[in-house]
Amino acid sequence: MTDTPTLPRPPAVLTAEGLTKRYGRTPAVEDVSFEVRSGAVTGFLGPNGAGKTTMLAMLAGLIRPTRGRVLLGGVPLSERRPDARRIGASIDACGAHPGRSARQHLRALAGFARLPAARVDEVLVDAGLTHAADRRVGGFSLGMRQRLGLAAALLGDPEVLLLDEPANGLDPEGIRWLRSLMRAQAARGRAVLVSSHLLSEAAQTIDDIVVVRNGRLVHAGAVADLARGGGVWVRADDPELFIRAVVRAGGRTTPDPAGTRQLVEGLEPPAITELARQAGVGLYELTPQHASLEDVFLELTGASR
Amino acid sequence: MSPFTTLVAAELRKLLTIRTALWFALGSVALAGLNAVIVGLASGTLDEVGEKEEALGGMPVLLLFFGLVTVTAEWRHHTAAPAVLLSGRSPRAVTVARLTATTIVGIGLALLTIGAACAAAVPILDIHQPGPALTTAQILSVAGGSALAGALSVMLGAALGGLLRNQILAIVTGVVLYFIAPSLIGMVDASAVDDTPFGGLQVLTRGVHGASHSLLASGFALVVWALGLALIAVLAEDRRDLV
């Protein structure tokens, strides 16, 4: 997770506007709007069955929304032809024939996009699949299939990468590789939208977060904003005087169980420092407490109930 | 290469990098040879030209299932969507390319099958069957009809597969349409069977004996069925989700 709230936010390259998908009378996605910006990894989080895959497929142009639209670079996706250089997707709908080798699979896909065979070798290296390039996909582990899906998504070196639960089946080394790959893509100015049902898995990589539940959006914004607002731990030389000063300034305090520190809420660290100085109270500790992202996520998705 | 040729080439690459075509080629050749042996050796005395021609017929039904299996495999293995995503073309264009590539490979399989049928049947008939030998024109007529029937069978199967997408459903539908529906239709109106695509296949591969249609009319009916189904499959593609 990177924390750069003071930097200007790059523009959105992919925008979902009121996306709705219904199968008959059954709603899969209801009126979801959010933005995915360039140069950032956006986590697309929600419990299983929240509609993440359906939404990703709509963003990739594989499923037609019942209502709403997807804008790619400000232009409705429905008015664009698919373009491997704009969107790359590794989602459930994008698979490989088990009888084909990884190299043959990628070469066939490269043929559709008129990409040179050398590009296939590049993405095989990027995906760490060189050693298995000529093996049949049917013999691949889930992790290797994930890598192959990523390699296929990377073929056109797209501006937007849509990844559906890419960490499924990856070993710890693979997860580390995936994180560095996503960060590297973002560092190159690419937009990455990665879905997961596990916040702990995504939290170390993502800049922005989109949380969905039951096909509806429950939160979209910067991760830094989501984690903010947990209060500030303060250790003062005169706790009683400090508490009175905080209350006068409109803040609230809660002592820790040991009674040695106060959790100050409603005031930012600069204001706390200033009021302590005015009250003549010495401060030995001033530690912003970030709310647990996991707790916020569970609260947003209703899983904590 | 034109954009469409690029799509067809990519689809051909997909078809030729799996073993499906190879297995169907082996199966078709084996069935054609078996048919030639059974008709030529185990059917008693074949006095009529029409009876002898049946030994050359091959088994286009297998090619129908080649089309069905090949196209539905795209949906079974989720390879249809990435092809569209990477192609830069509409799902409709990719589907046309897929049907074209499948038909091209199917023509190859049909020629291979009829070649095997002729190679097996002609010497058997010459040696073991009395009466006049088949003329070159008669052999070419049956061979041409069988090749056309095979190619159109593949196109029919591919179009049906594209419409249904589900492999099991498509195979069951193919079995019902080929083996059951003609019998049911024949119970109502025997001549109507020749209007069905599978009645047309019978005429093309076994000759016009007893059929209500000529070879040309049956061929034309089959072309209409194959192209019609393919057209519906292509037109439907732009109105359906790719997942």
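Just so it is clear: chains get the letters A, B, ... in the order the sequence lines come, proteins before strands, and each one is counted from 1.
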What is the distance from atom CD1 of A:Ile87 to atom CG of B:Leu86, rounded to the nearest 0.5 Å? 11.5 Å
For the residue pair A:Met58 and B:Val243, establish whether any side-chain heavy-atom pair is separated by less than 4.5 Å. no
Sole candidate of A:Gln104, A:His105, A:Arg100, A:His97 that passes side-chain contact (heavy atoms from CB on, under 4.5 Å) when paired with B:Lys14: A:Arg100
B:Arg19 side chain vs A:Gly99 backbone, donor-acceptor pair below 3.5 Å: no
The interface call for A:Arg107 against chain B, heavy-atom contacts under 4.5 Å, is both
Report which part of B:Glu11 has an atom under 4.5 Å of a heavy atom belonging to chain A: side chain, backbone, both, or neither. both
What's the spacing between B:Arg240 CZ and A:Arg64 CZ if we round to 0.5 Å? 10.5 Å
Test side-chain contact (heavy atoms from CB on, under 4.5 Å), reference A:Pro82, set B:Val84, B:Val94, B:Leu242, output is B:Val84
Using the side-chain contact (heavy atoms from CB on, under 4.5 Å) rule, take B:Asp241 and A:Lys21 through it: C-alpha gap first, then chi angles, then the decisive distance, then the call. CA-CA 11 Å; B:Asp241 291 334; A:Lys21 182 66 183 180; 3.0 Å; yes
I'd like to check A:Phe112 versus B:Arg89 (side-chain heavy atoms, cut-off strictly below 4.5 Å). Are they in contact? no
Crowded around B:Phe179 CZ? As in, over 12 foreign heavy atoms under 6.0 Å? yes
Is it the case that more than 12 heavy atoms not belonging to B:Arg92 sit under 6.0 Å from its CZ atom? yes
Neighbour count >12 (heavy atoms, 6.0 Å) for atom CG, A:Asn214: no
Within the structure provided, determine whether A:Arg81 and B:Ser87 are in side-chain contact (heavy-atom separation under 4.5 Å). no
Which heavy atom in A:Gly111 sits nearest to a heavy atom in B:Ala10, and how many Å separate them? C-CB, 4.0 Å
So A:Leu62 and B:Leu85, side-chain contact (heavy atoms from CB on, under 4.5 Å) or not? Walk me through it. CA-CA 8 Å; A:Leu62 299 176; B:Leu85 276 181; 3.9 Å; yes
